[in-house]
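A short worksheet on the structure shown next.
Lettering of chains follows the sequences in order, A, B, ..., and the numbering in each one begins at 1. What you see is a predicted model, and the numbers here were worked out from it, not measured in a lab.
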Protein chains: 2
Amino acid sequence: MLAQYCGPPMDIREIAKRAKVSTATVSRTINRVPSVNPQLARRVWSVVEELGYYPNTQARALVSGKSRIFGLIVSEITNPFFPEIVQVFENIAVQHGYEILLTSTVHDPKRMEISVRRMIERRVEGVAVMTFGMEELVLEDLKLRNVPLVFVDVGPSRAHVSNIRIDYLHGIRQAVQHLAALRHERIAFITGPLQLRSAATRQQCFLHCMEEIGLTVDPKLIVEGDHTMEGGMVAFSQLLKQPVMPTAVLCSNDMTAIGVMRRCHEEGILIPRDLSVVGFDDIRMAQFMLPPLTTIQMSQAELARLAFHALLSEVQNESAPNGAEYFLKTSLVLRESTGLAPSRKSRPEKSG
Amino acid sequence: MLAQYCGPPMDIREIAKRAKVSTATVSRTINRVPSVNPQLARRVWSVVEELGYYPNTQARALVSGKSRIFGLIVSEITNPFFPEIVQVFENIAVQHGYEILLTSTVHDPKRMEISVRRMIERRVEGVAVMTFGMEELVLEDLKLRNVPLVFVDVGPSRAHVSNIRIDYLHGIRQAVQHLAALRHERIAFITGPLQLRSAATRQQCFLHCMEEIGLTVDPKLIVEGDHTMEGGMVAFSQLLKQPVMPTAVLCSNDMTAIGVMRRCHEEGILIPRDLSVVGFDDIRMAQFMLPPLTTIQMSQAELARLAFHALLSEVQNESAPNGAEYFLKTSLVLRESTGLAPSRKSRPEKSG
DNA sequence: CAGGATTTCCTGGACGTCCGGGAAATCCTG
DNA sequence: CAGGATTTCCCGGACGTCCAGGAAATCCTG
């Protein structure tokens, strides 16, 4: 039970006084150093529980030089892609006694700069940069201080800088071949913002996979989106202006695909009867769409796990001399937004 | 420009030495105390910039007794309701020089307990509890320490405990009257988990508003959901078993409504032709649905703002003696998931 | 130029914790 | 029971910063 004691000096000294031992003994007790007399330890513990004493992390951090905080930089928490990353990252962090300092730069360099400053001031032990290819200059500050970093896709090979390389090709190839198997030939691609390394890579993979199976890509069927739903709608509107419609659209991410679906709904285009749609990311929302979205999965949970362990092994000095590399696969998950290509003459009816 | 200097002791002492002043002067300089000679100040600043020095927050916290951290407890980050709260809360916090310690108890008391412990260890200056009516026992620990708290809906009137009271009635009344105006009479309600204070209140408001305009509520049309999409699907399946279908469904939150829409899609029930659906929360996803979901808005941004400022005025000792109260309105936003009630004769057929 | 009033700076301690070195207590051995 | 080897504990200092109080330098006034 917690006592009524409320006086300010609820510190290790107070505990020591009440347990009639020195502060050092209290310290060793709560840190479970074995060389402390069990009887004393019990006395200490009982006082600790009675007073509801919790050690002061900042004091600990100060003397140990370890803040036990990791920074986590994402581009936008409200982007449905990120919450699960945050969730999983936080879970694991807590399990390992770490706290996380979360920041969402809303693609704003100034916010990025501020957040880097915050992280340095709090003396984070490492930072996971989940912005997918925005190689930010401000991060130089962190590198100079030898703060371990982990990037996705883009990141220099350097000491204390790890990288998670994503195998976009695998999932995209599956998607393209899936569409091809369904007799699709005019396959459109809506890209992300091309300054994003990951978005550029996805496009290249698409082109590569099409070529691989001998399908030609009409350049007019490649349009640029911005990874938002609105961008997806706009991009798809452009596609609608084409003399010959594509029969399938592959999107650089799920939000784009959702925009496409929305636009289709407005236009009375039925998915998958008239058009097949494939997304990328497999955000949770994808399975909630009507129809549920076929998409290429890139496990957010796994990504978070990799990022955390990359940082953890850096701080535990198990680091590779020149930055470790981790790999994450992507793969197609089939749902209901893809179907047989409509024949050019007569549109086949959806069979139940 | 940052120097190549990388030695560990990058502290206030190092700056003092290089600027040939005492540490106190450096401290006062970076804290912008006016009583420092401008010439010295410039010398200090130039050294600070040159070395890229950032003061150590934990040392500051230790001596000042202020961690400049607020805790933020949400039920689930992956629940689309919360990311925007987190986003806005974080924004304002940073503007005020605060950091946030985020925790999502996944409705797990043990996780809640751990997170409270983490917060106490980091000596948070206040905690916003955004779990909507889970009055948690573990929070006693925080109250005992006089840590300012802010709750939504539920929370004792006590010193250092503020409350945000949500006016559910306003929005729900608008929704009910909107449906009534569209000739709906058999209106169903899918509740949330009833141990949640906010969910129970929403249900009561619904009943009240129906009675208010002389509509009777068939008890069979009140079914319990759990605020998830799956729960919404199950609940709606129950409604489908009724001899007479409702013509409209009001849901305790948007995810539930999305579940209903999904089930309708499977059953070939067209929204809004055969059934009108209204959600609650106005999460961003609501406008992405097909058709876009009519829902009752409870501004997440405003909620976050209120919560932050409640804590801020507590730490600034502008606190009301017995806990302040804040109020947040709700109101209907019309989209496309509601329409005229279908005539009573023709029941919607399953279209295959 | 003396004397006091200000301004401006520095010294020394404190915040809460942990660590190294050494002192005291305990045990074992002969 | 003496002597040494362990175990178990305490004292003093340190982490990086801020603050109180006092010393030094500067200014003003008569």
Side-chain angles (χ1 to χ4, degrees), chain A residues 5 7-45 47-48 51-69 97 99 120-125 145, chain B residues 5 7-45 47-48 51-69 97 99 120-125 145:
Chain A
Y5 176 81
M10 171 95 96
D11 58 2
I12 204 176
R13 241 180 303 277
E14 185 67 28
I15 306 293
K17 204 198 302 175
R18 301 201 175 205
K20 300 194 196 314
V21 295
S22 75
T23 63
T25 303
V26 177
S27 172
R28 289 204 313 280
T29 303
I30 61 183
N31 288 329
R32 305 212 136 76
V33 175
S35 76
V36 56
N37 187 316
Q39 195 178 342
L40 279 191
R42 245 177 300 135
R43 232 163 64 206
V44 171
W45 278 121
V47 177
V48 165
L51 265 65
Y53 164 79
Y54 293 66
N56 184 327
T57 312
Q58 15 212 36
R60 283 183 158 185
L62 191 57
V63 62
S64 72
K66 313 248 158 215
S67 64
R68 298 201 75 84
I69 300 179
E99 217 54 73
I120 296 179
E121 288 186 345
R122 299 267 171 192
R123 300 296 190 265
V124 294
E125 294 181 38
R145 288 176 165 75
Chain B
Y5 175 80
M10 169 95 96
D11 57 3
I12 204 176
R13 243 179 304 276
E14 185 67 29
I15 306 293
K17 203 198 307 177
R18 301 202 176 204
K20 299 195 200 310
V21 295
S22 74
T23 63
T25 303
V26 177
S27 171
R28 288 202 314 278
T29 303
I30 61 182
N31 288 328
R32 307 211 134 78
V33 174
S35 74
V36 56
N37 188 316
Q39 193 177 344
L40 279 192
R42 244 178 300 135
R43 230 163 65 205
V44 171
W45 278 120
V47 177
V48 165
L51 265 64
Y53 164 78
Y54 293 67
N56 183 328
T57 311
Q58 17 212 34
R60 284 183 157 186
L62 192 56
V63 63
S64 71
K66 314 248 158 217
S67 64
R68 299 202 75 86
I69 300 180
E99 216 54 73
I120 295 178
E121 288 185 347
R122 298 268 172 192
R123 300 293 188 266
V124 295
E125 295 182 38
R145 288 176 165 75

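Residue A:S27 places none of its side-chain N or O atoms closer than 4.0 Å to OP1 or OP2 of C:dT17. Of the side-chain N and O atoms in B:N56, none sit less than 4.0 angstrom from OP1 or OP2 of D:dC15. Residue A:T25 places no side-chain N or O under 4.0 Å from the OP1 or OP2 atom of D:dT8. Distances shown here put every side-chain N or O of B:Y53 at or beyond 4.0 Å from the OP1 or OP2 atom of D:dG16. Proximity of B:S35 to the phosphate of C:dT7: no side-chain N or O atom is located under 4.0 Å from OP1 or OP2.
Checking D:dT17, C:dT17, C:dC9 against the side-chain heavy atoms of B:R60 singles out D:dT17 as nearest. Of all nucleotides listed (D:dT17, C:dG16, C:dC9), C:dG16 comes nearest to the side chain of A:A59. Comparing C:dC18, D:dC18, C:dC10 by their closest approach to the side chain of B:V21 singles out C:dC10. Ranking D:dC9, C:dC18, D:dT17 by closeness to the B:P55 side chain, first place goes to D:dT17. For A:S22, the listed nucleotide lying nearest its side chain is D:dC10; candidates were D:dC10, C:dT17, C:dC10. Which of C:dC18, C:dC9, D:dC15 sits closest to the side chain of B:R13 comes down to D:dC15.
Side chain of A:S27 to main chain of A:T23: no donor-acceptor pair is present (N/O by atom type, distance under 3.5 Å, no hydrogens or angles). With hydrogens and angles ignored, the 3.5 Å screen pairs no side-chain donor or acceptor of B:N31 with any backbone N or O of B:V33.
A 4.5 Å side-chain heavy-atom check between A:R122 and B:Q58 finds every atom pair outside the cut-off. The shortest distance between side-chain heavy atoms of A:R18 and A:L51 falls below 4.5 Å. Residues A:I30 and A:W45 have side chains in contact (heavy-atom distance under 4.5 Å, counting atoms from C-beta outward). Residues A:E99 and B:I69 form no side-chain contact, since every pair of their non-hydrogen atoms from C-beta on lies 4.5 Å or further apart.
The 5' end of DNA chain D is approached more closely, in terms of each residue's nearest nucleotide, by A:P34 than by the other of A:A24 and A:P34. Between B:L40 and B:V63, the residue anchored closer to the 5' end of DNA chain C is B:L40, taking for each the nucleotide with the nearest heavy atom.
DNA chain C contains the following stems of three or more consecutive Watson-Crick or G-U pairs, with both distances under 3.5 Å: C:1-30 with D:1-30.
In this structure, the NZ atom of A:K66 is 14 Å from the C1' atom of D:dC15, given to the nearest Å. A:D11 has its CG atom 9 Å from the C1' atom of C:dC15, to the nearest Å. Rounded to an integer number of Å, the gap from B:Q58 CD to D:dC18 P is 13 Å. With rounding to whole Å, B:L62 atom CG is found 13 Å from D:dC19 atom P. Here D:dC18 presents its C1' atom at 17 Å from CZ of B:R32, a figure rounded to the nearest Å. As rounded to whole Å, 15 Å separates atom P of D:dC10 from atom NZ of A:K17. If you take NZ of B:K20 and C1' of C:dT8, they are 19 Å apart, rounded to a whole angstrom. In this entry the distance linking CZ of A:R43 with C1' of D:dT8 reads 13 Å, nearest Å.
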Practice task
Could you check A:V21 against A:R28 for side chain to side chain contact (heavy atoms under 4.5 Å, CB included), going step by step and ending with a plain yes or no?
Solution key: CA-CA 11 Å; A:V21 295; A:R28 289 204 313 280; over 6 Å; no
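Looking at heavy-atom distances under 4.0 Å, B:S64 makes no contact with the nucleic acid at all.
Across all their heavy atoms, B:S67 and B:R123 have their closest contact at OG-O, 2.5 Å.
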